Number of protein chains: 2
Amino acid sequence: MLFGVRRLSLSQGYRVAILGATGAVGTELLQILEERQFPIAELRLLASPRSAGQTLTFAGETLTIQEATPSAFQGLDIVLASAGGSTSKALAEAIVAAGAVMIDNSSAFRMDPTVPLVVPEVNPEAAAQHQGIIANPNCTTILMAIALWPLQQRHPIRRIVVSTYQSASGAGARAMAEVQEQSRAILAGQPAIAEILPYPLAFNLFPHNSPLTESGYCEEELKMLNESRKIFGLPDLKLTATCVRVPVLRAHSEAINVEFTEPFSVAEAREAIAAAPGARLLEDWDRNYFPMPIEASGEDDVLVGRIRQDLSEPNALELWICGDQIRKGAALNAVQIAELLVKRQWLRSPALTH
Amino acid sequence: MLFGVRRLSLSQGYRVAILGATGAVGTELLQILEERQFPIAELRLLASPRSAGQTLTFAGETLTIQEATPSAFQGLDIVLASAGGSTSKALAEAIVAAGAVMIDNSSAFRMDPTVPLVVPEVNPEAAAQHQGIIANPNCTTILMAIALWPLQQRHPIRRIVVSTYQSASGAGARAMAEVQEQSRAILAGQPAIAEILPYPLAFNLFPHNSPLTESGYCEEELKMLNESRKIFGLPDLKLTATCVRVPVLRAHSEAINVEFTEPFSVAEAREAIAAAPGARLLEDWDRNYFPMPIEASGEDDVLVGRIRQDLSEPNALELWICGDQIRKGAALNAVQIAELLVKRQWLRSPALTH
């Protein structure tokens with residue numbers, strides 16, 4: 001146990017559930033709640049019937065996973081959901097009816113106009129408008145938002161061209177295990193078997209495996225467009241993305257070309273990033289040392305570097321970012337939203353009286 | 001031996017040397033000369049003193065590597081050089097004085113205005129202007145040129161924004177071995193040791209390890225700009241690149257956003273790519289199956305796919321390409337230049353009389 005967590009009384013803490021507690025994001029949620037000493041009076045771990053009965057440890061206590069039935073949410077203040085879109089859709093009504101706020105990591109409600117889509121460093125005020133559900137944005141979108149919002153606040157963005165380098169963790173814990181198993185096989189001269197991901201990822205890469213749309217873009221790429229517009233409150237933001245899965249375990253990287261409506265000096269951009277919450281400027285030009293997945297893994301901050309003037313466009317900058325896909329790209333952002341609700345007293349009654 | 005090669009007499013074949021015969025590109029040059037049945041009367045393998053005395057097999061014959069001294073080039077028609085820029089610079093004068101044409105894979109002479117920079121599918125006529133040296137472009141540039149030239153011929157390109165996903169092979173055979181060794185170590189719970197590349201590449205990635213320039217771009221990125229301008233004959237072409245090293249063994253991938261001076265339909269772009277020499281359209285939208293490094297490895301063609309209308313810019317298209325970095329990105333392109341010289345009788349005398 002890294003961090004001590006006192007079991008708080010109901011007057012001091014909140015009744016929290018993790019829905020999808022056994023997944024890559026679920027186990028990270030558990031760890032982050034503990035690390036950040038989130039004020040917890042009760043922690044309920046919920047998952048599919050397959051996982052019910054298993055145990056996980058939180059703050060030195062052994063907790064048994066319960067089946068996520070509609071009746072499992074009674075008495076809760078906050079449900080951190082990370083069990084996929086169909087589970088979120090199926091259980092949202094029960095969660096809201098129970099009086100809890102659902103902070104949903106799936107894409108189910110992100111574009112619903114009645115559901116706030118929140119990155120606490122960017123649009124915390126949006127969370128106040130919730131009607132029982134707050135959506136956690138897509139991982140690539142969160143990481144990019146952390147890097148671009150401090151720039152947008154100084155000079156308006158006109159257009160973004162982004163290419164991603166996405167780790168296996170975005171496809172879950174089993175995909176992370178699969179790329180390691182494939183690597184072992186290839187190094188032993190055996191064929192790589194792909195069961196979770198559509199193609200072998202070890203020593204390979206491929207366009208993102210989300211469904212393709214009529215436009216030729218995959219859903220992951222359209223999430224970057226549509227979610228960024230909603231989070232930034234810029235419905236006309238121009239963005240084109242190419243999302244690619246790479247043989248990295250848990251941090252995503254992004255090459256971002258961002259054009260502004262006016263010139264933006266590299267010096268000012270560095271200053272803005274250095275001062276931005278959730279971002280860390282990481283540039284050692286003498287050592288050619290910039291953000292890398294192995295540096296970003298396990299970190300809360302989005303690492304930003306290689307900020308340079310685009311040689312092809314006077315109003316554009318190039319940036320290179322890396323961020324932990326499971327932490328800031330998912331679990332940490334969700335916990336930060338929960339912290340925001342507590343701090344601003346935006347939970348639903350009776351939690352508001354805590 | 002995959003392909004039969006007859007030992008030709010001097011009246012039928014050419015006297016060829018491979019300079020840097022033991023490297024990743026050198027051994028591929030040997031294989032490609034054999035596969036394509038290049039008309040060879042004599043094949044001389046040259047390398048550093050460290051490799052001299054070793055043997056390699058060509059067309060069933062065992063050839064002994066000789067030291068690459070200035071006197072080693074006497075009597076040759078063609079020198080395929082892949083031993084690094086400093087070796088190329090040191091030996092170019094001796095090669096030219098010996099009457100051979102040097103086809104140089106290093107960056108030493110690429111931007112020299114007296115040296116043609118040639119991709120045979122793009123600017124074959126430039127090779128006619130050689131004064132003893134022809135430069136083989138950088139790998140990422142060749143692959144992109146194959147995909148973009150057929151488009152440029154239909155509608156002029158205004159600007160390119162490219163992000164690369166570059167394999168270990170670009171840093172040589174030892175880097176390829178290193179990423180495999182690092183992978184083994186990490187899978188066994190051991191630390192990854194980086195000796196050839198600056199940082200661990202296994203399950204990681206980092207901005208390209210070429211020297212950084214004052215502009216903030218690394219040399220690899222500026223090569224894509226400057227070499228593309230020279231090959232295409234477009235001195236004002238706008239291009240910005242982010243080059244990234246990924247844990248893939250031998251094929252490079254590139255996400256290319258290309259803006260034209262006028263609209264360019266996806267249908268027309270597909271038609272142009274499908275008809276282009278050296279390119280192969282690879283798109284199965286139902287299976288989300290597009291170019292991947294494991295498909296491009298060992299292939300001559302540059303695989304092109306995911307051609308789609310850029311949602312953010314009416315005159316732009318998005319493309320995704322993969323190509324074998326050692327073959328078309330280096331050795332194959334050099335052999336194709338040699339074939340061009342033979343076919344068009346652009347070798348220097350006395351080879352012209354063959």
Side-chain angles (χ1 to χ4, degrees), chain A residues 159-163 165 179-180 183-184 186-187 192 198-200 202-212 215-218 222 225 237-240 242 244 246-249 253 255-257 266 285-294 305-313 316 318 320, chain B residues 159-163 165 179-180 183-184 186-187 192 198-200 202-212 215-218 222 225 237-240 242 244 246-249 253 255-257 266 285-294 305-313 316 318 320:
Chain A
R159 178 180 177 231
I160 298 161
V161 181
V162 57
S163 300
Y165 302 68
V179 67
Q180 293 176 81
S183 300
R184 269 192 200 93
I186 289 170
L187 291 169
Y199 303 105
F203 303 110
N204 193 33
L205 50 84
F206 46 80
H208 194 273
N209 50 297
S210 54
L212 289 160
S215 64
Y217 286 81
C218 66
L222 295 184
L225 169 62
L237 179 71
K238 290 171 193 263
L239 181 147
T240 178
T242 298
V244 179
V246 295
V248 165
L249 293 179
S253 307
I256 306 174
N257 183 282
V266 169
W285 293 85
D286 291 335
R287 287 202 300 141
N288 202 335
Y289 177 75
F290 300 107
M292 293 191 280
I294 53 172
R306 289 210 74 201
I307 304 176
R308 59 202 192 279
Q309 170 63 51
D310 178 341
L311 289 172
S312 72
E313 168 53 56
E318 291 273 13
W320 171 252
Chain B
R159 179 180 176 229
I160 298 162
V161 181
V162 58
S163 300
Y165 302 68
V179 68
Q180 293 175 80
S183 300
R184 268 192 201 93
I186 289 170
L187 291 168
Y199 303 104
F203 304 108
N204 192 33
L205 50 83
F206 45 80
H208 194 275
N209 49 298
S210 54
L212 289 161
S215 64
Y217 287 81
C218 66
L222 295 184
L225 170 62
L237 178 71
K238 289 170 195 268
L239 182 147
T240 178
T242 299
V244 179
V246 296
V248 165
L249 293 179
S253 306
I256 307 175
N257 183 282
V266 169
W285 292 84
D286 291 335
R287 286 202 300 141
N288 203 336
Y289 177 75
F290 300 107
M292 292 190 280
I294 54 171
R306 290 210 74 201
I307 304 176
R308 59 201 192 279
Q309 171 64 51
D310 178 340
L311 289 172
S312 72
E313 168 53 56
E318 290 273 12
W320 171 253

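Here the structure is a predicted model, which means the values were calculated and not measured. Only heavy atoms go into these numbers, but all of them, side chains included; no hydrogens, no water, no symmetry mates. Each chain gets a letter, A, B and so on, in the order its sequence line appears, and its residues count up from 1.
Checking B/Arg308 against A/Thr240 by side-chain atom types alone, no donor-acceptor pair falls below 3.5 Å.
For the pair A/Tyr199/B/Ile294, no side-chain contact is recorded, criterion being any heavy-atom separation below 4.5 Å from C-beta on. Under the 4.5 Å side-chain criterion, counting only non-hydrogen atoms from C-beta, A/Leu205 is in contact with B/Pro293. In this structure, A/Arg287 and B/Pro198 have side chains that are not in contact, with every pair of non-hydrogen atoms separated by 4.5 Å or more.
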Exercise for the section: For side chain to side chain contact (heavy atoms under 4.5 Å, CB included), just list the numbers for A/Ser163 and B/Thr242, CA-CA rounded to whole Å, side-chain angles, deciding distance to a tenth of an Å, and then say yes or no. Expected result: CA-CA 10 Å; A/Ser163 300; B/Thr242 299; over 6 Å; no
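Contacts between A/Trp285 and chain B at a heavy-atom distance below 4.5 Å involve backbone atoms as well as side-chain atoms. For a residue to count as touching a neighbouring chain, one of its non-hydrogen atoms must lie under 4.5 Å from one of that chain's; by this rule B/Pro247 touches chain A with backbone and side chain alike. The contact between A/Leu187 and chain B is made by backbone and side chain atoms together, counting heavy-atom distances below 4.5 Å. For A/Ser253, the part lying near chain B is the side chain, with the backbone staying farther off; criterion is any non-hydrogen pair under 4.5 Å.
Ranking B/Ala202, B/Ser210, B/Pro207 against chain A, the residue ahead of the rest is B/Pro207, based on heavy-atom pairs under 4.5 Å. Taking B/His208, B/Arg306, B/Glu318 one by one and counting their heavy-atom pairs under 4.5 Å with chain A, the maximum is reached by B/Arg306. Interface remark: of the candidates B/Met292, B/Gln180, B/Lys238, B/Met292 forms the most heavy-atom pairs closer than 4.5 Å to chain A. Top candidate by heavy-atom pairs under 4.5 Å with chain A, chosen from B/Leu249, B/Val248, B/Asn204, is B/Asn204.
Side chain of A/Asn288 to backbone of B/Leu212: no donor-acceptor contact under 3.5 angstrom is found.
For B/Leu311, the side-chain contact (heavy atoms from CB on, under 4.5 Å) criterion is met by A/Tyr217, A/Leu222, A/Leu225, not counting sequence neighbours.
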